[in-house]
Structures are given as C-alpha cells and as structure tokens.
Amino acid sequence: MYHDFGGDHSSRCYLPGVLSPRLNLEGLNPRQREAVLHEDGPLVVFAGAGSGKTRVITYRIAHCVIARNVPPWRILAVTFTNKAAGEMRERVGQLVPDGARELHVGTFHSMCARLLRRHAERMGVRRDFTIYDDQDQQAMVKRVLRDLSIDEKRFAPKTIAACINRAKQEVQRPDAMDASDVFQETAQRVYVAYEEAMQRAGALDFGDLIARPVMTLEADEAFRNELAGKYKHLLVDEFQDTNHAQFRLVRALGSVHQNLCVVGDDDQAIYRWRGADRRHILDFQRSFPSAAIYKLEQNYRSTKRILRVAHSIIAKNADREPKQLWTDNDEGTPPLIVRTEDERDEANMVVRAVQELITRGEALADAAVFYRIHAQSRALEVALRAANIPYRIVGGVRFYDRAEVKDVLAYLRLLHNPDDDVSVLRVLNKPARGIGKTTVERLMNAAARSGRGIWNTIERAGQEHALKGAALKKVCSFAELVKELQKLSSGPVSELCAAVLERTGYLSQLQQDNSAESDARVQNLQELHGSMLAYEQEADSPSLANFLEDVTLQTDVAEDDAPDQLTLMTVHAAKGLEFDTVLVTGLEERMFPFKGFDPWDDPDEIEEERRLAYVAFTRARQQLILSYASLRRVFGQARPGIPSRFIEELPADDVTWLGARPSTRGYTPAWSSSSRQETESRTSSHERERDNGQSYIDRCEGSDLSDDPAALFEGMHVRHPKFGVGQVQGVVGGAPARAKVRFERAGVRTIVARFLQPI
DNA sequence: CTTAGTAGGATTGAG
DNA sequence: TCCTACTAAG
C-alpha cells in the first residue's frame with residue numbers, strides 16, 4: 001500500500017536465486033504452466049471460475065523474478081480492489097519472500113494517484129490535489145448547476161454526473177462529447193463549468209485519476225517511453241472489468257515492452273453498468289495481434305453437478321468466448337430448488353437449512369446466502385436474529401460513507417486544502433453554528449462573482465462587505481477556528497482529528513444527543529480515530545496528505561473477525577469468493593434476472609444477469625440451494641413471484657425440486673417448507689404470469705416499425721407504451737433491431753424497435 | 001435559522 | 001416499506 005509507483009530504483013540490485021527458493025511448477029496443470037512460462041509478448045488468460053487464476057498470476061510473477069531475472073520493481077501488477085492487491089502481494093511473497101516488497105502491486109486508482117503526484121507538472125495537475133468521491137462529485141455538480149441557473153429537476157445532478165463520468169471513461173474532454181440533444185448539450189455545458197470549478201478547488205474525481213494519465217501518456221511520446229520503459233512486465237487481473245480509459249492506460253504502459261499479461265473471464269463480467277467493457281478481453285487479440293490465448297477450464301472448486309448446472313445457464317449467452325469448465329471432483333449432490341410462500345417463508349427456509357448445517361457439524365463460515373438486491377437482506381436478518389444464528393452482512397453502507405465520518409474527514413481535507421469548496425460547504429455549519437441558507441447563498445454568489453473559492457471569500461467577507469452583522473461574526477469565528485486548527489495540521493493526524501472533534505464542538509453535540517443512533521456515531525468516530533493511530537504506526541511517512549489519499553482510495557474496512565458466522569451478501573459482492581454451501585434466494589423473474597422480462601428491456605441486460613447467476617452458482621463447492629418465493633413484497637408492494645428462468649432452465653437430471661414439481665421424488669429434508677402439500681400447481685401460476693406478459697406485448701402491436709431497422713433513423717420522434725415520447729439517438733442493428741432513445745421523462749434507454757411508434 | 005413533516009425515489013457499487 | 005432530500009412553518 002505504501003509502495004512507490006514510478007520511482008527510480010535502478011540503483012538497487014536484486015540477486016535472483018540467491019535468497020529465494022527455486023520455484024516449483026509441478027503443482028500447476030499444463031495450461032496453467034503454459035501461461036506461467038509464456039515468454040515475451042502479450043498474452044490473454046481466460047480463467048474460468050475456480051480454475052486457479054490467482055495462482056497463475058502469482059506464479060508468473062514469481063517465475064519472472066526467479067527464473068528470468070526480472071527485478072521485482074520492473075513488474076507492475078494491477079487489480080481493481082485493494083483486497084485483491086493485498087492478496088496478490090501476499091501470495092507472491094510466499095513464493096518470492098524478499099521480492100514481494102519491491103513489486104509494484106496496486107489498484108488502477110492508487111497507481112494513477114501516485115503517477116499524478118509524482119509527475120504532477122507534466123500531467124497538468126497540482127501536486128496536492130484532493131480526491132473527490134462520487135458524493136463529493138455530485139455536490140460539486142449541484143453547485144455548478146446552481147451557478148449556471150440550470151433547473152435541477154429537469155437536469156438531475158446524478159444524471160449529469162453520470163454523463164461526465166461516462167465522458168471521462170472514454171477519455172473525452174467536454175468538446176468531444178456528444179451534444180446531439182438538449183440534455184447532452186446541457187451536460188456538456190455543465191462539464192465545462194465543472195472542470196473549472198474542480199480546478200479551482202484543486203480536486204480530481206475518480207474518473208480524472210485514470211483519464212489524466214492516459215491523456216498525458218498518449219500525447220507525450222517521450223514521457224510514455226520513459227514510463228512504459230520502466231515496467232518490463234505488466235499484469236492485469238479481472239481484465240473483463242476494465243473500462244475504456246483503463247484499457248488505454250494499460251496499452252500505453254505496455255507500449256515499450258509489450259509484455260502484457262491480462263487475466264479474466266468474460267463469463268464473469270457483471271459490471272457493464274459501471275462502464276466495464278467485455279470487448280477488451282474478447283477482442284484482446286485484435287488489439288494485440290501477436291497475443292497468445294490460454295484458457296483455464298479445469299475447475300478445482302465445485303462438484304460436477306454444480307458445474308453442469310452453471311454451464312447450462314451461461315451456455316445460453318450468444319456473445320462469449322467458447323469454453324466449458326470441467327472437474328475431477330465428485331459428482332456431488334444435486335442442487336436443490338425450493339419453492340417458498342413469500343420472503344418471510346424463504347428466510348425461515350434459510351434458517352432451517354442453516355440449522356441443518358449446524359447439526360451436521362459444519363461451520364457457519366463455510367456457508368453464504370446471496371441475494372440480488374440489498375433490500376432482500378432485511379427479511380433474512382429478522383429470521384436469523386430470531387433463530388440466534390450469527391451472521392455478517394457484506395457491503396451496504398460503507399464506513400467511510402457515513403455522515404459523521406465524512407464530516408470529520410471534510411474538516412481534515414479543508415485543513416489540508418482550503419480551496420476544497422465541497423468540504424468547506426459541508427462543514428461550514430456543522431455542528432450547527434447559526435450559519436444558514438441565506439449566508440451560504442451570499443457566500444456562494446460572492447465566490448462565483450469573483451471566481452474565488454469559498455474559503456477565500458470567507459476571509460475577505462468583512463472587507464468586501466459580502467456579509468454583515470451577526471452572519472459576518474459567525475462566519476469569522478468559523479474562520480478563526482479553522483486557522484487555529486490549521487496550526488496543528490503538520491502534526492500527527494490522530495491529534496489533529498482529536499482537536500477537530502473537541503474544538504468544533506462536533507463531539508459534544510453528538511454526546512448531548514444521547515440516543516442509540518448518536519452513540520453509534522460516536523463509536524464510529526472513535527474507530528476513525530483508532531484507524532489514524534494504526535496508520536501512524538504502519539505508514540512509511542505519515543502525513544495528513546498521505547492519510548487523506550489512503551482513506552479515499554481505501555474504502556474497504558477490515559473484516560469482521562467474529563469466529564463463525566453466516567455470510568449474507570449480494571451476488572456482486574460474492575465474485576471471487578467461495579463457500580461449501582451457497583444459498584441463492586429470490587430466483588424470480590424481475591428479481592433475478594432483475595431485467596430482461598419486459599419487452600422493452602435491453603437484450604444485453606439478460607446476458608449480464610445470466611453471467612451474474614453463473615457467478616452465483618460457481619461460488620459453491622459442495623451444495624447449492626436455490627429458492628424463490630411465490631409472493632414477494634418489493635418496496636412495500638406485493639407481487640407474484642414467477643420462478644426465474646434461471647431455475648426453470650436447469651437440466652432436470654441434475655437438480656431436485658422440493659415440493660413444487662409433482663414428478664420430484666427422493667430426499668426431502670425436514671426443513672423444506674414445501675414438504676407441505678401444494679394447493680396450486682406451479683406451472684399454472686407460471687403460465688398465468690406469462691400470459692400477463694403476453695397481453696402487454698399484444699397491446700404494443702400495430703406499431704409501424706416491426707423489426708425493420710431501416711424504418712428508424714436518428715432524430716426521429718417516437719412513442720413508447722411505458723416511457724412515453726422520446727427521440728431516437730441511434731440505431732443498433734442486429735435481430736431484433738434496437739434503438740437508443742432519449743425519453744423526455746425516462747432518460748436514455750435501448751429499446752427493441754418493434755415497441756416504438758413513430759410520431 | 002432550525003425543526004418537523006412530507007413527497008418522491010429506491011438494482012448491482014470498486015476506487 | 002423505508003430512507004433521503006427538500007419545503008413550509010416555528
């Protein structure tokens with residue numbers, strides 16, 4: 001975490017083989033070994049679930065160092081999460097004990113942040129920039145919208161921020177942005193003003209962290225050669241998750257040696273909505289014609305039955321690199337499909353299944369419950385608590401996202417960089433010190449007029465008559481407070497934090513509250529303080545600036561280390577993990593798959609949902625339990641639960657339906673809620689629902705567009721039965737033909753042509 | 001300026 | 001259903 005990207009290590013010498021053990025490649029299978037031994041030039045490794053992906057990366061790194069004499073500091077390994085980076089360093093360390101420390105391992109973002117600080121001047125940023133997270137970014141967009149007097153109702157800050165992020169993912173400056181309609185045009189205008197405001201605030205957002213280095217590297221050949229020349233080998237994990245900017249960064253950094261090893265699995269690409277593009281791995285050989293392709297298809301994790309079931313789901317996707325997992329493991333027990341009444345019944349089923357695991361003497365830590373959306377966790381929590389089963393929830397509200405933590409961090413950021421307007425505005429009246437809306441508005445107006453930051457405006461408020469009377473006095477005393485605290489800002493971070501908590505009155509205000517909620521907040525602040533003490537112990541050169549960077553780039557918090565508890569999480573959070581027993585809940589149409597039921601859904605969505613189901617199923621080592629509820633309450637309203645196609649499609653010989661299927665025979669565990677008699681046949685309710693879907697389609701008929709893409713053209717005005725009127729942005733070919741439409745009320749969506757009516 | 005009340009929106013979420 | 005974010009009254 002505290003390594004040094006882009007630093008000059010050329011004076012150091014590494015003695016291969018002298019201190020390190022020889023690397024034993026015996027334990028690798030032939031495919032793995034080929035990928036490890038592949039010499040120079042680009043290679044792509046398609047690594048299926050449970051096929052030993054990390055093993056290949058770590059062995060390849062170790063092999064480079066030990067057998068090929070590559071100095072560790074000339075190897076750069078890039079991951080997406082801090083956790084993955086930590087694990088990689090650790091596992092390389094087991095193979096090359098004294099090399100791992102000098103190895104460059106990091107996330108895209110941490111690596112880029114280092115590059116930006118080190119080469120600030122050449123990259124056109126200030127060295128002490130502040131990093132804005134998504135929340136800060138949105139606050140900034142909001143402010144810009146106000147400054148430009150743009151209606152926030154019509155142009156939601158969230159949507160505008162998404163447009164800006166998309167542009168940055170594509171490494172587009174505002175002028176390169178698509179401005180084909182009013183919305184895009186507005187987004188473009190806001191983007192320009194946003195960039196100016198960010199510059200004034202000395203802030204970069206997460207998109208900048210990647211895009212800026214890309215722009216500099218692509219524009220400046222000498223610089224590119226210098227930097228890319230440093231890294232003899234570049235390895236990228238989870239390559240299917242790269243967005244366009246990240247791809248270009250990798251390409252630039254690999255441009256000198258071309259020793260580019262990318263590893264991933266297109267079947268596990270579940271972050272399209274975040275800008276990830278599977279084409280980068282699928283078309284790798286097109287981008288790098290000399291690239292070798294390796295496929296790891298032997299699975300070491302699951303039973304044969306689980307793999308067959310998982311494959312039956314993923315094989316239906318048209319757009320994938322052909323491959324099929326196989327295993328030497330046992331046949332295993334058939335995955336179970338359980339029908340439950342509603343989400344409470346489902347939660348009770350989970351409880352009974354888990355209790356049976358306990359009875360069998362299995363550890364709770366070896367089991368997990370997955371769901372598609374967080375909202376599903378509530379019912380599970382209630383049942384688990386009632387049954388006294390210890391559990392932990394992964395994901396949800398993150399520590400550094402909590403309001404009180406962000407407040408204190410905003411104080412620290414303001415002390416470090418007073419130009420940081422978002423932070424100033426956040427803490428200006430926290431705790432309440434009588435600086436209200438009108439005062440803030442006056443300050444913002446004065447700041448906008450003079451082109452200065454808020455802090456700057458505050459300092460001049462008196463002499464420039466921006467404020468007067470009580471408001472001026474309050475703002476001045478805030479300024480005094482900040483200046484007092486600034487005197488401590490070069491000292492230890494933990495002490496500065498303590499001073500902030502004390503002198504601002506933030507802590508005493510919380511303590512006075514004396515509610516359960518405020519107690520929890522105080523505890524969180526104690527934890528924050530504790531994390532600073534730990535930081536001061538661990539960091540090479542602790543400083544306020546360094547701490548703030550770590551905190552914004554290191555959002556995951558230490559795992560809950562309670563000894564034996566059940567894990568609850570979304571399927572997205574489960575990627576990369578494995579458990580003996582996996583329960584996947586909520587397998588209903590419109591829940592999981594979440595999209596793909598309605599005819600107007602983008603057809604690509606169902607492929608992503610399929611991959612998501614594939615990820616869920618392949619987490620299981622021994623036993624897979626899939627459940628659906630006949631009635632599900634979502635956001636307070638009940639709706640019938642139609643069994644997901646992801647369970648309907650499973651090969652009948654490989655699964656056991658509990659209760660619902662008349663043909664089902666054999667073992668029915670006592671905990672199956674459906675050991676009771678069924679009153680209603682499963683198929684009948686199912687059919688009825690499909691009819692409902694059908695009737696909707698019927699209503700859509702009579703459109704003139706049928707399936708003929710030629711009937712659609714850019715700029716055409718159309719009506720959609722659900723989304724209303726909109727304008728065609730572009731036509732997507734293929735069958736069925738689709739069009740990208742911007743709806744007046746529903747934003748941009750991709751719609752199958754036959755559901756659009758020309759107006 | 002603060003507080004209470006209500007309307008509206010609510011996959012998935014790394015850094 | 002539940003939480004957040006804004007509006008209207010104290």
Side-chain angles (χ1 to χ4, degrees), chain A residues 1 78-85 106-114 131-139 142 152-153 156-159 162 165 168-169 204-210 237-238 241-243 245-246 269-276 343 370-379 382 394-398 400-401 403 428-441 470-471 474 517 549-557 569-576 586 590-596 601 605 608-609 611-613 615-616 632-639:
Chain A
M1 190 161 133
V78 191
T79 64
F80 278 86
T81 66
N82 292 302
K83 195 172 155 222
T107 63
F108 272 103
H109 295 269
S110 66
M111 172 183 83
C112 286
R114 297 281 158 149
I131 301 170
Y132 275 7
D133 68 16
D134 294 343
Q135 270 180 56
D136 304 324
Q137 181 191 39
Q138 246 187 68
K142 220 173 208 172
E152 290 172 47
K153 288 260 157 60
K158 214 173 64 176
T159 320
N165 287 335
K168 291 190 176 179
Q169 275 166 20
L204 296 179
D205 58 36
F206 281 130
D208 290 326
L209 253 31
I210 314 289
D237 193 15
E238 304 280 19
D241 288 340
T242 47
N243 66 30
Q246 288 160 337
I270 54 177
Y271 288 112
R272 195 173 75 112
W273 48 275
R274 217 157 66 182
E343 70 278 348
F370 299 164
Y371 35 79
R372 179 64 240 270
I373 60 173
H374 287 299
Q376 288 173 265
S377 69
R378 183 175 295 273
V382 170
V394 177
V397 198
R398 290 176 306 182
Y400 291 111
D401 280 346
L428 191 51
N429 195 33
K430 238 166 238 168
R433 48 171 76 89
I435 302 173
K437 205 167 75 180
T438 20
T439 308
V440 173
E441 224 144 69
K474 285 169 186 161
E517 205 173 74
E549 174 158 324
D550 274 5
V551 144
T552 23
L553 294 180
Q554 179 96 41
T555 49
D556 50 349
V557 156
M569 60 183 143
T570 63
V571 181
H572 282 93
K575 195 173 89 167
R590 310 179 101 134
M591 187 57 151
F592 196 2
F594 194 85
K595 283 280 187 77
D601 286 339
E605 308 248 31
E608 180 125 328
E609 294 289 318
R611 293 191 288 270
L612 199 51
V615 167
R632 179 162 308 267
R633 277 161 285 243
V634 194
F635 302 137
Q637 74 183 327
R639 64 185 193 201

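In what follows, every heavy atom counts, from backbone to side chain, and hydrogens, waters and symmetry copies are set aside. The sequence lines fix the lettering, A, B, ..., with proteins before strands; numbering per chain opens at 1.
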Let me know, please, whether K158(A) or Q246(A) comes out on the 5' side of the other along DNA chain B by nearest nucleotide. K158(A)

Residue met sooner reading DNA chain B from 5', once D134(A) and R372(A) are mapped to nucleotides: R372(A)

Take K437(A) and R378(A), find for each the nucleotide of DNA chain C with the closest heavy atom, and name the residue whose nucleotide sits nearer the 5' end. R378(A)

When K153(A) and F635(A) are each assigned the nearest nucleotide of DNA chain C, the 5'-most assignment goes to F635(A)

Base, sugar-phosphate or nothing for [X]? Non-hydrogen atoms, less than 4.0 Å.
X	value
N429(A)	sugar-phosphate
G436(A)	sugar-phosphate
R633(A)	nothing
E609(A)	base
K142(A)	sugar-phosphate
A113(A)	nothing
N82(A)	sugar-phosphate

What is the distance, to the nearest angstrom, from the [atom1] atom on [X] to the [atom2] atom on [N]?
X	N	atom1	atom2	result
Y400(A)	dG15(B)	OH	P	12 Å
H374(A)	dT12(B)	NE2	C1'	7 Å
I131(A)	dA14(B)	CD1	P	16 Å
E152(A)	dT4(C)	CD	C1'	15 Å
L553(A)	dG13(B)	CG	P	20 Å

Does a side-chain N or O from S110(A) land closer than 4.0 Å to OP1 or OP2 of dG15(B), or not? no

Mind telling me whether F206(A) and H109(A) have parallel, tilted or perpendicular rings, with 30° and 60° as the class edges? perpendicular

So, [X] and [Y], do they make that salt bridge, N to O below 4.0 Å?
X	Y	answer
E608(A)	K595(A)	no
D205(A)	K168(A)	yes
E238(A)	K575(A)	yes

Side chain of T81(A) - closest among dG15(B), dC1(B), dG13(B): dG15(B)

Sidechain-backbone polar pair: E343(A) side chain, Q376(A) backbone, donor-acceptor under 3.5 Å: no

For the P atoms, the ones on dT12(B) and on dA5(C), what distance do you get once it is rounded to whole angstrom? 16 Å

Under 3.5 Å, is there a donor-acceptor pair between the N165(A) and Q137(A) side chains? yes

What's the base orientation of dT11(B): syn (chi within 90° of 0) or anti? syn

For F594(A) and dT11(B), are the ring centres under 5.5 Å apart with planes inclined under 30°? yes

